[in-house]
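Let me begin by presenting the structure, written as structure tokens, before commenting on it.
Sequence positions, counted from 1, serve as the residue numbers for this chain. These numbers were taken from a predicted model, which means no experiment stands behind them.
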Amino acid sequence: MGTVFSFDVRDRPTPAIRRALAEAVRLLHRVDAVFSTYRPDSHVSRLDRGEIRLGDCPPEVHEVLSLCARAVHDSEGYFSITPAGTLDPSGLVKGWAAEAASELLYEAGARHTCVNGGGDLQLRVPGPRSAPWRIGIAHPLHPGRLATVVTVREDLAVATSGTAERGAHILDPHDGAPVTAFASLTVIGPRLTMTDAYATAAFARGHGAREWLEALDGYEGLAILPDGRQWRTSGFGRYGS
């Protein structure tokens, strides 16, 4: 998927958890083989070229495309699976894969975990008395500095879209133009699949993103503008300073 995944497991490493971790790694390799737009032999690449039909793909392709359709609907078209004219569900599938890997660990008994897919995180916390996760949000305009630290005391997801590493690569699906309203936009939500998709959609929406995020139940956002100014949704202070 053109990125790196990592696992931080704070639980005692039981045999079941070790097996689940190995299964999670196998899952991510399978997701890459099925969904990667960088691989011409992936199911998504072949589907885009018309070499196969949706019915020829593994069932997870239908699942992901159905979730993408939901994100398109929820975002009024600002989330797109064809942002540059070719089939590309990457704006959702990375979060979906990290969330699925987290679920495998959870089912094996791991309760205090962080699955990191290229900087987008699915976090698990055993309970209010457990040590929280403290997640640094990198400042896109000042390498090596943090914009804020998010303190996570419950199961949550954190996803960031931005220009620091890949430039203005997020397009407005309505006109195809690169979006330059933000340097970065971070979204916090309950599960990473939709949190990742909503971060992409909010970034693509540009100047209307704050109002849209405020209307989403259970989601909060932090935006850093190209001139260094910031805004935060009304409930973001619950997590970040």
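Remark: side-chain polar atoms of His29 are not paired, donor with acceptor, to backbone N or O of Ala24 under 3.5 angstrom. Remark: the backbone N or O of Ser36 is paired with a side-chain donor or acceptor of Ser42 at under 3.5 angstrom. Between the side chain of Arg210 and the backbone N or O of Arg232 there is at least one donor-acceptor pair closer than 3.5 Å. A donor-acceptor distance shorter than 3.5 angstrom exists from the side chain of Thr233 to the backbone of Gly221, with no hydrogens or angles considered. With hydrogens and angles ignored, the 3.5 Å screen pairs a side-chain donor or acceptor of Asp196 with a backbone N or O of Gly95. Side-chain atoms of Thr14 come within 3.5 Å of backbone N or O of Ile17 as a donor-acceptor pair. Under the 3.5 Å distance criterion, the side-chain polar atoms of Gln230 are left unmatched by any main-chain donor or acceptor of Ala223. Remark: the backbone N or O of Ser6 is not paired with any side-chain donor or acceptor of Asn116 at under 3.5 angstrom. A donor-acceptor pair under 3.5 Å is formed between the side chain of Glu99 and the backbone N or O of Thr193. Not a single donor-acceptor pair under 3.5 Å links the side chain of Ser45 to the backbone N or O of Asp41.
Residues Leu213 and Leu216 are in side-chain contact: their nearest non-hydrogen atoms beyond the backbone lie under 4.5 Å apart. Glu154 has its side chain out of reach of Leu123: every pair of non-hydrogen atoms, C-beta onward, lies at least 4.5 Å apart. A 4.5 Å side-chain heavy-atom check between Met194 and Tyr219 finds at least one atom pair inside the cut-off. The shortest side-chain heavy-atom distance between Phe182 and Trp231 falls under the 4.5 Å cut-off. Taking the side chain as every heavy atom from C-beta outward, Leu105 and Val115 approach each other to under 4.5 Å. Counting only heavy atoms from C-beta outward, the side chains of Ile224 and His139 approach each other to under 4.5 Å.
A centroid separation of 6.0 Å or more is found between the aromatic rings of Phe79 and His73.
Here side-chain hydrogen bond (donor to acceptor under 3.5 Å, both in side chains) pairs that include residues 56-67, with residues two or more places apart or in two chains, are Arg30-Glu60, Glu63-Trp96.
Nearest heavy-atom pair, Val150 versus Ile188, reported as atom, atom and distance to 0.1 Å: CG1-CD1, 3.8 Å. The minimum heavy-atom distance between Ala16 and Ala108, with the atom names listed, is O-CB, 3.5 Å. A pairwise comparison of heavy atoms in Leu121 and Cys114 identifies CD2-SG, 4.0 Å as the closest pair. Between Leu171 and Ala204, the closest heavy-atom pair is O-CB, 3.7 Å. Across every non-hydrogen atom of Val125 and Ser130, the tightest pair is CG1-CB, 4.1 Å. Of all non-hydrogen atoms in Thr3 and Gly118, the two that sit nearest each other are OG1-CA, 3.0 Å.
Put simply, Leu225 and Trp212 are part of the same group of oily side chains (I, L, V, M, F, W, Y) that touch within less than 4.5 Å, one to the next. Side-chain heavy atoms closer than 4.5 Å link hydrophobic residues (I, L, V, M, F, W, Y) into clusters, and following such links, even through other members, never connects Leu192 to Val93.
When Arg124, Glu107, Gln122 are each tested for a side-chain hydrogen bond (donor to acceptor under 3.5 Å, both in side chains) with Ser102, only one passes: Arg124.
Between the CG atom in Leu65 and the CG atom in Leu87 there is a gap of 6.5 Å [rounded to 0.5 Å]. The CZ atom of Arg19 sits 13.0 Å away from atom CG of Leu104, with the distance rounded to the nearest 0.5 Å. Rounding to the nearest 0.5 Å places CZ of Arg49 at 9.0 Å from CD1 of Ile52.
Counting heavy atoms of neighbouring residues, nucleotides and ligands inside a 6.0 Å radius, atom CG of Asp217 does not exceed 12 of them. The environment of Phe7 atom CZ is dense: over 12 non-hydrogen atoms of other residues, nucleotides or ligands sit within 6.0 angstrom.
Remark: Asp120 engages Lys94 in a salt bridge, criterion side-chain N to carboxylate O under 4.0 Å.
Side chains of Tyr78 and Asp172: a donor-acceptor N/O pair is absent below 3.5 angstrom, by distance only. Using modelled atom types and a 3.5 Å distance limit, the side chains of Asp88 and Ser90 yield a donor-acceptor pair.
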